[in-house]
Amino acid sequence: MTLSLRGVRVAHGGHEVLHGIDLTVARDELLVVLGPSGAGKSTLLRAVAGLTPVSDGRVSIADRDVTGLRPGRRNVAMVFQSYALFPHLSAAENIAFGLIVRDVPKAEAAERARRAATTVGCGHLLDRRPGQLSGGERQRVALARALVREPDVFLLDEPLSNLDAELRVEMRAELKALHARVGGAMLHVTHDQVEALVLGDRIAVLRDGRVEQIGTPDEIWSTPATTFVARFVGSPPMNLLPADGPLPGLGPAGTLIGIRPGAVGLGSEGGTAAHVERVEVVGEDAHVYLRLGEHTAIARVPSARRPAAGAETSVTVSAADVHVFDAATGKRA
Amino acid sequence: MTLSLRGVRVAHGGHEVLHGIDLTVARDELLVVLGPSGAGKSTLLRAVAGLTPVSDGRVSIADRDVTGLRPGRRNVAMVFQSYALFPHLSAAENIAFGLIVRDVPKAEAAERARRAATTVGCGHLLDRRPGQLSGGERQRVALARALVREPDVFLLDEPLSNLDAELRVEMRAELKALHARVGGAMLHVTHDQVEALVLGDRIAVLRDGRVEQIGTPDEIWSTPATTFVARFVGSPPMNLLPADGPLPGLGPAGTLIGIRPGAVGLGSEGGTAAHVERVEVVGEDAHVYLRLGEHTAIARVPSARRPAAGAETSVTVSAADVHVFDAATGKRA
Amino acid sequence: MRLRTIGAVAVIAVFLPPLLMLVAGSLREPGLPPPPGPQLVPDPLSTEGYTRAVDLGGLLRAGLNSTIVAVIAVPASVLVASLAGFAMTQVPRWLTNAVVVASLAALAAPATALLVPRFALFRTLGLTDTLAPLIAPALLATSPLYPLVFYLAFRAIPADLYDACRLEDLSPLRTWWRVAMPLVRPVTAAVAALTFVLTWSNFLDPLVYVYDRDLFTLPLALRSLSTLDPTNFPVFLAGAVLTTIPPLVVFALAQRHALRHFHLHQYRET
Amino acid sequence: ETTDTPATVRLLVFGAPEELQAYRTLVDAYAKAANGARVELVEASDRADLITRLSTSIAGGSPPDVFLMNYRFYGQFAAKNAVEPLDDRLAKSTVVKLADLYPQVTEAFQWQGRQLCLPQNVSSLAVYYNRTMFAKHGIAEPKAGWTWNDLITTATALTRNASGAIVRGTEAEGGSAKVAVYGLGVEPTLIRVAPLVWSAGGQIVDDEREPTRFTFDAAPARDALRDFVALRLAYGVVPTDEEVEAEDDETRFSNGRLAMLLSSRRVTTTFRTIKDFEWDVAPMPMYGKQQAGILHSDAYCMTSGSKAKDAAWRFMEYAIGPEGQRIIAATGRTVPSNMAVSRSPAFLDPAQPPRNAQVFLDAVPTIRRVPTISTWPEIEDVAEGILENALYRGDRLDDVIRQLDEQTRPIFARGVAP
Amino acid sequence: MRRRQLGLMLAPYALGLVALVLLPAAVTLVLAFTEYDLVQPPRWTGTDNFTELSGDGIFRTALLNSLVFAAVAVPLRLVIALGLALLLHRRARGVGTARTAAALPTAVPEVAYGLLWLWLFNPLYGPINQLLRVGGENGLTALGRTPPQWLTDPTDARAAIIIMSLFTVGESFLVLLAARLVLPPEVYELAAVEDATPWDVFRRITLPLIAPVLGLLLVRDTILSFQMSFVPALVVTDGGPPPYATTYLSLFVYRNAFEYLRYGYASAATMVMLLLTVAAVVLQWRMLRRWQQLRSLSR
Ligand SMILES: Nc1ncnc2c1ncn2[C@@H]1O[C@H](COP(=O)(O)OP(=O)(O)OP(=O)(O)O)[C@@H](O)[C@H]1O
Ligand SMILES: Nc1ncnc2c1ncn2[C@@H]1O[C@H](COP(=O)(O)OP(=O)(O)OP(=O)(O)O)[C@@H](O)[C@H]1O
Ligand SMILES: [Mg+2]
Ligand SMILES: [Mg+2]
């Protein structure tokens, strides 16, 4: 059940939102779509589902051109960013909806709905209406509704955004397990890079309606194709400095050097002098905001070894940790 | 403008959701409310706003008992988890709504709305209706709408959940700056612990309608009051093992020992033997899922130094990193 | 809340008295010279008006006919209106516009302008002097207003819900039944109650299309009672009260069971 | 059709429920008498309903076979050939002869020399009066030969306030609210004014047969109109329009607060329920030199589109015959058109008020009628509005007459004469 | 299949619309150019009927009456219906009863309703005038005026017909109530938090959100006001007081068509009535658009 998009363009009333997307999701692959708010992630999913007409290009599922096919014929399941739960149906009925309308026997549908609900941890809420659920609970119901079927393509639009960390980790594992069991192409939109890195077989980074880079999490992480990808993936984002800036000798002139905060060493001898402007403690880690002359940089250090705000320190970077980008195009050099 | 809750109870049709919440948010303090999905976070906010009646207890704002007051008289601004944007108004009109109904002159209201929108990065969307915005864009409009006023209390219900990491970091900084400027008590609901740890002056961890612990981020992190807080804050969550389990000698018998994944040392000599079941790479870090006899544990190591799945390794833990909990009550021992 | 109750009481105080007078009048004893003005509590009280109204006006038979007509026409109207209203949200824009314009034009056509051509139509079909012409307006939902009302209601449902249905490959008919209809229950209740009243009080149609006294509906029977002598006015009023009771019950039921507050939008979508 | 399979005859009538009940009895009796011939009664409530039904069904091609219609309104159907002439059938009939009926009324239904409808009743105006009240105040009851002056004197003497003192119900003298009992009730309509005009030897239209205009500008008619209007404006013996709207004349009479009422036979049924006082009828007073009454009459008409004319005719024969007339006379509402029946106890029944029912029969020879041109209903409607304002508001007589003329002339012009 | 199903869903209504309304109405309108008395076949007369109408004083009066009625009653009725819907949309003690009470006058058969008001308006004994006379002397009101002569004074009679029509707003009321009930509660919660005054809530939230329904009802009421005044005028005032104070177009048409058998002439009047309706609707539409544009300008 490969899913492939060829030159897909989508416009919202004259204003083009997707500018020719090429994308292939292999059978049984989980592709995470990552991108800033407003990049066109939801629009991409809706185009695949057939809910938004494409103005140009082709969508095919399992080698079948579905561009002109109505949504119901594409055999996809979707979690809407807005959940789109039916307010008049209980959680159980919402989840079983797709089965019931496909004439799955009532008892079987109820049983499968119950199982799906239990998987996403809302088995105890089956009798409630959406109006009586908390935000995260609604999202789980929406997720269960998509998971209960076995479609060719799963389209999940930020399905975990309203869940807490623990549940999210659990859900990720469940999603991965489910995908392994059921197969089918899975397109998972998220803005959470951890989720993207952990979950994705590959990641597509979207920016302003264009695919900026596609690759495995490792590729995306270790060889970001552009400064945009480099900064977008990773939190705090990668530091970008001119090669002839405060940390010279790490890249050819006219390029930008990128250093992830974790690769910024602090306090060792012989480094570049830096001023600590602010320190944020995030559990075991601390984010240290540094001033290097006229430039700023962030370092991530274990919070036990963090400098105090206002202190002077020194910065060392090993050349192996440096990414080099063309200053003009932002492309990886 | 202190906000204080005394024994607040809220029931949804017979089913009690908040079981007596005591909470004080000092003037100019930012309190983050953290808790799993369904814990009652939104309900708490709604009770403060006066949208959900409390069945017992008292809410006071700036030393004024507001329990019986209608929402409009409490001078709070709120971001709803579901945004609650007016579908018929443009983003600009949505943002300016609270000003317009307070008879702020049109021009001034428009100007302030524009500024607020720019702050949250949706200045270019002012003429759009909510239906023409992406999920994250809607959320930003909702946020701008709350920030445009200067109320006694800000109530933000997961205001950043649909934003990407970069924007989120930006927004956090903006929120912090705004709060520093405007003052007032701020109650910020989130399920994102990083957000909680970075943003909060203090954090209240909610569980099943009860406050499990309140404290500064540091207190919550370094001295979690219960195993629940310990596991909930931190991702991957803290490992909990019986004191007389695979890693003996770290706590008195009958207790549980808690070790954060980052504190689990791998591969050094003389440790306890462990089997690597699975490895998740999350950028610079790797989460290593370990089997220790009949127990499991997670270690967080730099991804460069991660073991391979299936490998045998050894685990060492320094006693200083160990949290000890009562096995029966889950309370910190 | 308390204010609302005061408002409600005020509404009752304004709207109910005229009808109480109707009831009071119906309880006068027929045959007495009529009083110069209305009396709030008639003296002597008598229910003879009711007995005589039922006899003289043939109210039982007429009530049965009215009931038959309503039982068929009201559900049919609601069905036609809601189906058409739903289809209008799904068909191409130009067609929707055409139907809206045609409906407004139909609304504008006065009943008197339709009587004669319709009579010819029904006669050609052999339907005069049956109840069919009285049920026929159900074909256009009793009034073209109602499909339009349904159309607006269906249009206000968040598009995501329709999208979810399209994904599940639900046919329009099933989307209508399973999702759209349950979400507009207050509208359905209102339209059902209103079509009931319109059908129930339809006077001109039976006057023109029905000859046989055995097919008379309540408004005709009532009209006949209205020609009674002034001394028998209570009889007419009793008939009016009896005729008003079913719509009253329908309104009460509609407002009890369906016009409750309905949480349609309690989820993320604006 | 043959006599073996009698076609169903549709009879369109209007009336109050009791009246309709009488027609049902008639139809049933006919069915029995005619061996199961079937007549389906199509019931309308009032004249407007009846005309709506009749016209739509004629237009739709399925008219009733027989309908009942007042002579003042049948003209529009007659002029459009919607009514079947009956001369041939009358000539052949062994059951009904025109001579059995009052000629004054059969003539009303002749159109261009042909008999179109068969009248069912022949009513005329009479003065209903409250005998008990007359006795109480010691005032002589009206009797044949009394005059308009007598009427005014009597009415003035009977117009009294709550304490029984004679008052004059004109606005000038302190408001009409004080009047408790009025002397006379009369409607401001053409058919109430016309008899006065005729009595004075005048005409209401320029040509009885082919009228083109009202002639109230000529002396006797003008005077009659003036004297009619004076009832309210000069003498104050009739209730104000406000009072009439508050309580119509029939009700006022029934409640014992109106001494006399000018009306046709129609109100008899209602008045028979009066228990508090005795009442009776008197003939119309003489306004001018001669006695003059005005015809009130309905007739059975056969539609020319009927598909069961023979059967319909047989029913009409029955309805106009003694049997049928007796059944309808029993309602008390009508004066039978069949001379024999009208003189029988079926009508004159002394056990039932009014005792003096003979008044109606005595009036028949003096009865006249308004023109029957096709647009007469419109003319009456227009005239009514003008007369109402004349009586109650006191419009200037010249204006009234001018308005009557101007507003009706085009309608006269459109009319088709018999 | 989807298309066909939608077609089938629309079909009954479309059939009813065409067969029961549009075609019959078209036939009637064609007859406006004929002389037709419902008995004899129609005779083509071109625009004669319209020429005659233009000189017909009764028609002009009826036209004026209808326009005045529409101009006064339509906005009032809509405002009342909207007020009722907004007052009674939330649950509280007595609201259920009040809803039924407000809808009830619509349920009373028209004939009875007319007669009922005939009582209420009774100039001497009617409760309305009795109420107005409270505190006054000699049958005058407390202000020393004579109470309105509902049935005999032309202006008062017109007012009476309008007042009657104000009580039968049940239909608009119920439709608006239903429309209000399906509005999203969350935006109202937000408005509550922002302490928007009821007026602001009404003007800035409720009104724009139910504007489509309101617009539809406005059009419908305008259309109907040319027809609706029929039974009350017939039963209560019988077109009077003279001269034709409450003769509305609908009554004029009815009388001419069915009482005077001038169907062609009545059709011509109907045609004028329709044109007038269209003009009114178009006018309203343009005004609403102007208002919307103004609103968007003021942003
Ligand atoms: N109207 C209601 N009726 C019944 N139960 C309700 C209702 N609203 C909320 N609840 C329940 O109350 C509990 C708390 O809900 P709340 O919305 O406060 O959770 P939350 O902490 O905000 O969760 P989330 O992070 O998922 O938004 C949940 O278990 C929810 O199911
Ligand atoms: N109906 C519409 N009309 C006009 N523009 C629209 C419409 N829907 C979406 N857009 C615009 O298209 C762009 C892409 O929207 P989309 O919803 O795909 O973003 P997204 O990547 O899902 O963002 P988010 O993470 O915030 O949900 C956005 O800039 C949005 O404003
Ligand atoms: Mg999106
Ligand atoms: Mg919540």
Side-chain angles (χ1 to χ4, degrees), chain C residues 1 4-5 7-9 11-12 15-16 18-19 22 36-38 80 83-84 87 90-91 102 104 106-110 112-114 117-118 136 139-141 145 147-149 152 171-173 186-187 190 194 197 201 219 222-223 226 240 243-244 247-248 251-252 255 259 261-265, chain E residues 2 5-6 9-10 12-13 15-17 20-22 24-25 27-28 87 90 92-112 116 119-120 122 125-126 171 174-175 177-178 181-182 184-186 212-213 216 219-220 223 227 250 253-254 257 270 274 277:
Chain C
M1 169 104 162
R4 239 164 245 282
T5 302
V9 170
V11 169
I12 297 172
F15 280 86
L16 216 52
L19 300 157
L22 197 68
V80 168
L83 281 173
Q90 307 285 311
V91 296
L104 290 180
L107 263 180
T112 41
L114 307 177
R118 274 198 201 174
L139 251 193
L140 61 120
L145 176 69
L148 296 180
V149 168
L152 290 179
S171 63
L173 206 61
V187 175
L194 291 171
V197 169
S201 60
L222 199 62
R223 172 74 163 210
S226 76
T243 310
T244 310
L248 175 77
F251 273 134
Q255 90 85 16
L259 284 174
H261 214 302
F262 199 71
H263 294 265
L264 169 56
H265 294 255
Chain E
R2 193 183 154 77
Q5 223 176 48
L6 285 174
M9 292 169 84
L10 207 48
Y13 178 57
L15 177 72
L17 213 51
L20 292 179
V21 181
L22 298 182
V27 169
T28 294
L87 179 69
R90 224 181 288 164
R93 253 172 180 290
V95 160
T97 317
R99 283 184 191 170
T100 310
L104 202 54
T106 314
V108 180
E110 272 186 320
V111 191
L116 176 62
W119 265 8
L120 297 177
N122 189 311
Y125 313 107
E171 186 176 43
L174 281 187
V175 169
L177 181 64
L181 284 181
V182 294
E186 289 183 353
V213 176
L216 176 61
V219 168
R220 201 283 316 244
I223 289 171
Q227 302 165 24
S250 46
V253 167
Y254 179 80
T270 305
L274 277 181
T277 313

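Here is how names work: the chains are called A, B, and so on, in the same order as the sequence lines, proteins then strands, and each is numbered from 1.
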Mind ranking E:Thr270, E:Thr106, E:Leu104 by heavy-atom pairs under 4.5 Å with chain C and telling me who comes out on top? E:Leu104
Under 3.5 Å donor-acceptor, C:Arg118 side chain and E:Leu20 backbone: yes
Backbone N/O of C:Ala113 and side chain of E:Thr28: donor-acceptor pair under 3.5 Å: yes
At a heavy-atom separation under 4.5 Å, does E:Leu6 approach chain C through its side chain, its backbone, both, or neither? both
Nearest 0.5 Å please: distance from the CD1 atom of E:Ile223 over to the CG atom of C:Leu104. 6.0 Å
What part of C:Pro18 gets within 4.5 angstrom of chain E, counting heavy atoms only: side chain, backbone, both, or neither? both
Please determine, among E:Thr277, E:Val95, E:Leu274, the option with the most heavy-atom pairs under 4.5 Å with chain C. E:Leu274
Could you check if a side-chain atom of E:Leu216 sits within less than 4.5 angstrom of a side-chain atom of C:Leu145, using non-hydrogen atoms only? yes
CD1 on C:Ile12 to CZ on E:Arg99, rounded to 0.5 Å: 12.0 Å
Check each atom of C:Leu107 against the heavy atoms of chain E and say whether the ones under 4.5 Å are side chain, backbone, both or neither. both
Of all heavy-atom pairs linking E:Pro105 and C:Phe15, the shortest is CG-CD2, 3.7 Å
Within a strict 4.5 Å, meaning less than it, do heavy atoms of the C:Leu83 and E:Leu10 side chains meet? no
Winner by heavy-atom pair count (cut-off under 4.5 Å) against chain E, out of C:Val80, C:Leu114, C:Val197: C:Leu114
Against chain C, label E:Ala25 side chain, backbone, both or neither, depending on which of its atoms sit under 4.5 Å from a heavy atom there. both
Options C:Ala87, C:Ser171, C:Ala108, ranked by heavy-atom pairs under 4.5 Å with chain E, top entry: C:Ala108
Residue among C:Pro247, C:Ala240, C:Ala106, C:Ala136 with most heavy-atom pairs under 4.5 Å to chain E: C:Ala106
For a side chain to side chain contact (heavy atoms under 4.5 Å, CB included) check, start with the C-alpha distance between C:Gln90 and E:Arg2, then their side-chain angles and the critical distance, and finish with the verdict. CA-CA 10 Å; C:Gln90 307 285 311; E:Arg2 193 183 154 77; 2.9 Å; yes
Less than 4.5 Å to any heavy atom of chain E: does that hold for the side chain of C:Leu148, its backbone, both, or neither? both
Name the region of E:Glu171, side chain, backbone, both or neither, that has any atom closer than 4.5 Å to a heavy atom of chain C. both
Among C:Leu222, C:Leu19, C:Val91, C:Thr243, which has the most heavy-atom pairs under 4.5 Å with chain E? C:Leu19
Is it the backbone or the side chain of C:Leu194 that comes under 4.5 Å from a heavy atom of chain E, or both, or neither? side chain
Check C:Phe251 against E:Ala103 and note the closest heavy-atom contact, atom names and distance. CE1-O, 3.4 Å
Chain E contact via C:Val9 - side chain, backbone, both or neither, heavy atoms under 4.5 Å: neither
Quick check: do E:Ser250 and C:Thr112 have side-chain heavy atoms less than 4.5 Å from each other? no
Between C:Arg4 (side chain) and E:Leu87 (backbone), is there a donor-acceptor pair under 3.5 Å? yes
Can you tell me how far OH of E:Tyr13 sits from CG of C:Leu140, rounded to the nearest 0.5 angstrom? 7.0 Å
Minimum heavy-atom separation for C:Ala8 to E:Ala98, with atom names? O-CB, 3.5 Å
Where on E:Val219 is there a heavy atom nearer than 4.5 Å to chain C: the side chain, the backbone, both, or neither? side chain
Below 4.5 Å from any heavy atom of chain C, which atoms of E:Val253 appear? Answer side chain, backbone, both or neither. side chain
